[in-house]
Structures are given as C-alpha cells and as structure tokens.
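Worksheet: the structure to be examined is printed underneath.
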Amino acid sequence: PEQQALFEQKSAAPPFLETQKIREQVYAAGREGTLADVDPSHWFQVQTQKINLLKDIENKLSQDLSAKADEIENRAYAEFQFALFIVSVLLSLAALLVYFLLKALTRPLQQAVAVADAITLGNLDNQIEANSNDETGQLLQSLAIMQAHLKKRLGEDKQIAEDALRINRALDSATTH
C-alpha cells in the first residue's frame, strides 16, 4: 500500500506526464512520417528526470525490503533462541529423569550385591527389604529366603554338632570309668 501510493504519486509527476505527451506526439508523427516536433535534448532531459523518479521508487522499495528482511531475520533469531531454550530445558529434564531412573534401578541391585557379599562372609543377620515385585525385588526376596534357610541349616548343623559332641563326651567318659 505505501509503496503503491509512492508509485502513484511519482507517476503523476511532470516527467511521467511529459513522457506520455512526447510518446503520443511520436505515435502521431510516425503515422505521418515526421518527428520534427520532438526535441531530442528535451526528450533526453525528461527521460533522465523520469529515470531519477523511478530510481527514488526503487530506493524506497529496496529500503522497505531490507527493513522487512531484517525484521524477519530478527524474529527468526528470537524464535531460534526460544527453541534452543526449550530444547535445553527438555534435555535437562530428560537427563534428570535418566539419572533418577538409574538411581532407582541401581539402588536395589547394590543392596542385593551387598547382601550377597555379607552372606559370603558368613553374616546371616542382614536386613533385606524387598519392596517391589520386579526382577530386583524378586532377587532380594530370594536372597532373604536363602539367608533364612542358611541360618536355619546352620542352626540345625550346630545343634547336630553339639549333640554329637555331647554323645562323644558321654561315650568317652563311660569308657574311661
């Protein structure tokens, strides 16, 4: 709209009107075979003025186009910065989620390894908490059952050993007296 108004204003200027008048004279003279009414220096001067007006229009269009391109570039840069910020936030949230998921998965496994190590060293009084029904929870439940069976078997073996020792002492004392 603004550029079209400028074009209409400039095209109503005297050099445009004079060019139209000279053109009509040339067409009329061309039919008659004479161009005597057209002064070449005047025609050149009018055309130079018209070219200068068209150059003004071109400069205005160029400035407006450049300003619009700068505006689009700035808006695109701002949108890129915003998108970059959103991606950064999402990546940070994803990293936190991965961290907490790994922590939730490795904590029970670390507990299972610690219990297995303690049982290997002969400690059968470990407190084992199996709070889930997933594979890690099942592993901890199995370790708790294994620890209970080992403790019971160790107690039974100890009782058998004590009974055998008592019988052996009784036999020794009966044979020596």
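- Cluster annotation: L109 is not connected to V113 through the hydrophobic network of ILVMFWY side chains, with a link wherever side-chain heavy atoms come within less than 4.5 Å.
- Closest approach of A12 to L17, counting heavy atoms only: O-CD1, 3.5 Å.
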Exercise for the section: Might you work through the salt bridge (charged side-chain N to carboxylate O under 4.0 Å, His left out) test for K21 and E24, ending with a clear yes or no? Expected result: CA-CA 5 Å; K21 181 179 163 188; E24 289 169 3; over 6 Å; no

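- Atoms CG and CG, from D64 and L6 in turn, are 8.5 Å apart once rounded to the nearest 0.5 Å.
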Exercise for the section: I would like to know whether Q138 and N133 meet side chain to side chain contact (heavy atoms under 4.5 Å, CB included); could you show each step before the answer? Expected result: CA-CA 6 Å; Q138 291 172 359; N133 291 328; 5.6 Å; no

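- In terms of hydrophobic clustering, with Ile, Leu, Val, Met, Phe, Trp and Tyr side chains grouped at heavy-atom distances under 4.5 Å, L150 and L140 are assigned to a common cluster.
- Within a 6.0 Å sphere centred on CG of D163, other residues, nucleotides and ligands contribute more than 12 heavy atoms.
- For CD of Q4, the number of neighbouring non-hydrogen atoms (other residues, nucleotides, ligands) closer than 6.0 Å is 12 at most.
- Looking only at side-chain heavy atoms (C-beta outward), L65 and L61 stay at 4.5 Å or farther from each other.
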Exercise for the section: Give the intermediate values and the outcome of side chain to side chain contact (heavy atoms under 4.5 Å, CB included) for residues E162 and K158. Expected result: CA-CA 6 Å; E162 287 175 359; K158 186 177 180 182; 3.5 Å; yes

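- By the neighbour-count criterion of 12 heavy atoms within 6.0 Å, atom CD of Q141 is densely surrounded, having more than that number from other residues, nucleotides or ligands.
- Here the closest heavy-atom approach between residue E18 and residue H42 is recorded as OE2-NE2, 2.9 Å.
- Hydrophobic cluster membership differs between L102 and L96, with clusters built from Ile, Leu, Val, Met, Phe, Trp and Tyr side chains linked at under 4.5 angstrom.
- The cluster map of Ile, Leu, Val, Met, Phe, Trp and Tyr, joined by side-chain heavy atoms under 4.5 Å apart, puts I51 and V46 in different clusters.
- Taking every heavy atom of both residues into account, S132 and D134 meet most closely at OG-OD1, 2.6 Å.
- Remark: side-chain polar atoms of N126 are not paired, donor with acceptor, to backbone N or O of I128 under 3.5 angstrom.
- Minimum heavy-atom separation, Q147 to N123: OE1-O, 4.0 Å.
- With values rounded to the nearest 0.5 angstrom, K10 atom NZ is found 10.0 Å from N52 atom CG.
- Side-chain atoms of Q159 and E156, non-hydrogen and from C-beta on, never get closer than 4.5 Å to each other.
- Taking 4.5 Å as the limit, some side-chain heavy atom of E71 sits within range of a side-chain heavy atom of R75.
- In this structure, the separation between CD1 on I72 and CD on E79 is 10.5 Å, given to the nearest 0.5 Å.
- Note that NZ of K68 is 11.5 Å distant from CG of D70, once rounded to the nearest 0.5 Å.
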Practice task
Show your reasoning for whether side chain to side chain contact (heavy atoms under 4.5 Å, CB included) applies to D125 and K151.
Solution key: CA-CA 8 Å; D125 294 320; K151 192 173 186 178; 2.6 Å; yes

Handout entry: Intermediate values then yes/no, side chain to side chain contact (heavy atoms under 4.5 Å, CB included), F16 and L54
Key = CA-CA 10 Å; F16 278 87; L54 289 172; 3.6 Å; yes

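- For S11 (side chain) and F7 (main-chain N/O), a donor-acceptor pair under 3.5 Å exists by modelled atom type.
- Atom OG1 of T48 sits about 11.0 Å away from atom CG of L53, to the nearest 0.5 Å.
- The shortest heavy-atom contact between T136 and P108 is CG2-CB, 2.9 Å.
- A distance-only check finds a donor-acceptor pair linking the side chain of T19 to the backbone of P15 [under 3.5 Å].
- Using a cut-off of 4.0 Å between Lys/Arg side-chain N and Asp/Glu carboxylate O, K60 and D56 are scored as not salt-bridged.
- Closest non-hydrogen pair, G137 versus A130, comes out as O-CB, 3.6 Å.
- More than 12 non-hydrogen atoms from other residues, nucleotides or ligands lie less than 6.0 angstrom from CD of Q81.
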Exercise for the section: Just do the side-chain hydrogen bond (donor to acceptor under 3.5 Å, both in side chains) check on Q110 and R107 with the steps written out, would you? Expected result: CA-CA 5 Å; Q110 289 171 342; R107 187 176 298 129; over 6 Å; no

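- No chain of hydrophobic side-chain contacts below 4.5 Å, direct or via other Ile, Leu, Val, Met, Phe, Trp or Tyr residues, connects L90 to V87.
- Side-chain atoms of D39 and W43, non-hydrogen and from C-beta on, never get closer than 4.5 Å to each other.
- Look at K55 and E58 and you find a salt bridge, because one of the NZ, NE, NH1 or NH2 atoms lies within 4.0 Å of a carboxylate O, short of that distance.
- Side-chain atoms of N168 never come within 3.5 Å of backbone atoms of A164 as a donor-acceptor pair (strictly under, hydrogens ignored).
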